[in-house]
Amino acid sequence: MFQPDLLRDKRILITGGGTGLGKAMASRFLSLGAIIHICGRREDVLQKTSSELSAQGNIHAHVCDVRNLDAVEAMIDTIWKSGPLDILVNNAAGNFIARTEELSPRAFESVIGIVLLGTLHATMACGRRWLKASRSGTVLSISATYAPVGSAYVVPSAVSKAGVEALTRSLAVEWGNRGIRMNAIAPGPIPTQGAFSRVLPRPELEALALNRIPMHRFGTTEELANLAAFLVSDGASYINGEVIRMDGGEFLQGAGEFSNLGRVLSNEDWESLKPRKK
Ligand code: HXC
Ligand code: NAP
């Protein structure tokens with residue numbers, strides 16, 4: 001799909017890159033020639049991923065909790081010592097389904113801390129360095145389709161992802177004149193252990209999600225990684241401030257007044273609804 005050197009020598013940090021979508025992006029970016037840094041809280045997970053992917057290229061792992069500003073600054077300092085990053089992917093997240101009225105303050109803080117503050121911490125740490133050195137840079141954040149409209153039962157995530165999208169659009173304008181591009185991807189459900197165990201933890205919930213998607217299948221980590229590779233590449237250099245939805249049409253199916261008619265009306269029903277010939 002891409003030239004094999006699409007991301008040659010691009011230095012990329014993927015937060016939460018030890019698992020799921022982050023790991024898939026790390027693998028794809030490595031195959032396109034990038035130098036990859038991944039971070040997360042669990043050292044064993046990071047080590048396993050980096051030794052698995054090291055056959056594909058140059059990958060470095062950093063234990064870092066993105067909620068902690070000092071830890072993020074220390075990691076970015078360490079990375080910068082070997083050379084500045086070109087691309088930041090804000091992918092780390094926390095989420096779970098719950099009735100909002102039952103959430104404790106720590107439950108809110110935990111998710112908002114990872115998704116919104118973590119994204120802010122990493123974006124500011126890279127952005128300030130790029131601006132100071134008059135370097136260009138690209139930030140890609142992984143949002144979710146419910147960010148612009150909200151969603152019941154994942155409220156801490158919804159408010160955080162909405163903030164991430166606001167940050168993306170705001171800084172696209174404020175920093176765009178200095179060569180920094182800000183974009184986001186809003187994926188629909190893509191099977192990963194981390195996400196599905198927390199937001200679709202039962203077969204009936206998975207079936208419910210599948211039925212909302214016109215293409216009647218979930219997205220794949222490879223599809224997400226391909227879109228991400230395109231968006232961070234120089235080939236997409238005029239795309240700035242965009243949130244690209246990648247959900248097989250799920251969002252639009254939910255929005256359309258008559259989207260579900262196909263489920264209840266049979267061929268015979270459609271025939272009987274045609275105007276009678278006079
Ligand atoms: C209610 C919960 C809860 C749950 C945790 N808490 N899980 N409350 N229902 N299911 C509460 C805890 O009781 C605690 O509050 C507070 O949240 C913090 O929990 P900890 O376990 O101490 O926090 P921590 O170890 O930091 O873990 C963070 C986490 C966890 C977000 C809770 O799930 C995690 O580590 N997630 C990382 C990966 C992840 O979530 N991936 C999915 C991304 S999917 P108290 O008051 O008791 O101390 C996604 C989009 C999916 O984002 C969209 C699909 C279409
Ligand atoms: P995942 O495998 O659970 O990925 C989340 C990653 O974030 C993990 O590697 C986790 O590692 C890391 N992380 C969590 N808290 C962190 C912290 N405080 N500091 C640093 N790293 C942290 O889930 P995923 O499905 O790949 O999700 C990746 C992204 O896609 C997320 O932004 C998610 O919101 C988004 N998304 C996913 C789906 C989907 O269906 N899969 C749909 C829409 C959007 P540690 O636990 O080791 O820290």
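Just follow the structure's listing: the first ligand is 1, and inside any ligand the first atom is 1.
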Based purely on interatomic distance, does [X] place a nitrogen or oxygen under 3.5 Å from a nitrogen or oxygen of ligand 2?
{"X": "G17", "value": "no"}
{"X": "P189", "value": "no"}
{"X": "L21", "value": "yes"}
{"X": "G18", "value": "no"}
{"X": "D65", "value": "yes"}

Problem set entry | Nearest non-hydrogen protein atom, atom 23 (O) of ligand 1 |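 Heavy-atom neighbour on the protein nearest atom 23 (O) of ligand 1: S110 OG, 3.8 Å.
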Exercise. What protein heavy atom sits nearest atom 51 (C) of ligand 1, and how far off is it?
Worked result: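 Its nearest protein heavy-atom neighbour is N95 ND2, 3.8 Å.
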Exercise. Is the backbone of E174 close enough, under 3.5 Å, to the side chain of R178 for a donor and an acceptor to pair up by distance?
Worked result: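 Present.
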Exercise. Hey, is the main chain of I239 close enough, under 3.5 Å, to the side chain of R181 for a donor-acceptor pair?
Worked result: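 Yes; at least one donor-acceptor contact below 3.5 Å.
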When you measure from [atom] to each heavy atom in [options], which option holds the nearest one?
{"atom": "atom 35 (O) of ligand 1", "options": "R41, R99, Q193", "value": "R41"}
{"atom": "atom 22 (O) of ligand 1", "options": "R212, R67, R106", "value": "R106"}
{"atom": "atom 6 (C) of ligand 2", "options": "G118, G94, G16", "value": "G16"}
{"atom": "atom 37 (C) of ligand 1", "options": "G194, A93, G20", "value": "A93"}

For [X] and [Y], which I'm curious about, is there any donor-acceptor pair between the side chains at under 3.5 Å?
{"X": "Q193", "Y": "T19", "result": "no"}
{"X": "D269", "Y": "S266", "result": "yes"}
{"X": "R11", "Y": "S82", "result": "yes"}

Exercise. Below 3.5 angstrom, do we get any N/O pair linking S157 and ligand 1?
Worked result: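 In this structure, S157 places no N or O atom under 3.5 Å from an N or O of ligand 1.
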Problem set entry | A24 heavy atom under 4.0 Å from ligand 2 |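 No, A24 has no heavy atom closer than 4.0 Å to ligand 2.
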Exercise. Quick one: does N91 get a heavy atom under 4.0 Å from ligand 2?
Worked result: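 A heavy atom of N91 does come that close to ligand 2.
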Exercise. Can you find a non-hydrogen atom of A144 under 4.0 Å from ligand 1?
Worked result: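 Per 4.0 Å heavy-atom rule, A144 does not contact ligand 1.
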Exercise. Does E109 come within less than 4.0 Å of ligand 1, judged by its heavy atoms?
Worked result: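 E109 does not count as a contact of ligand 1 under the 4.0 Å cut-off.
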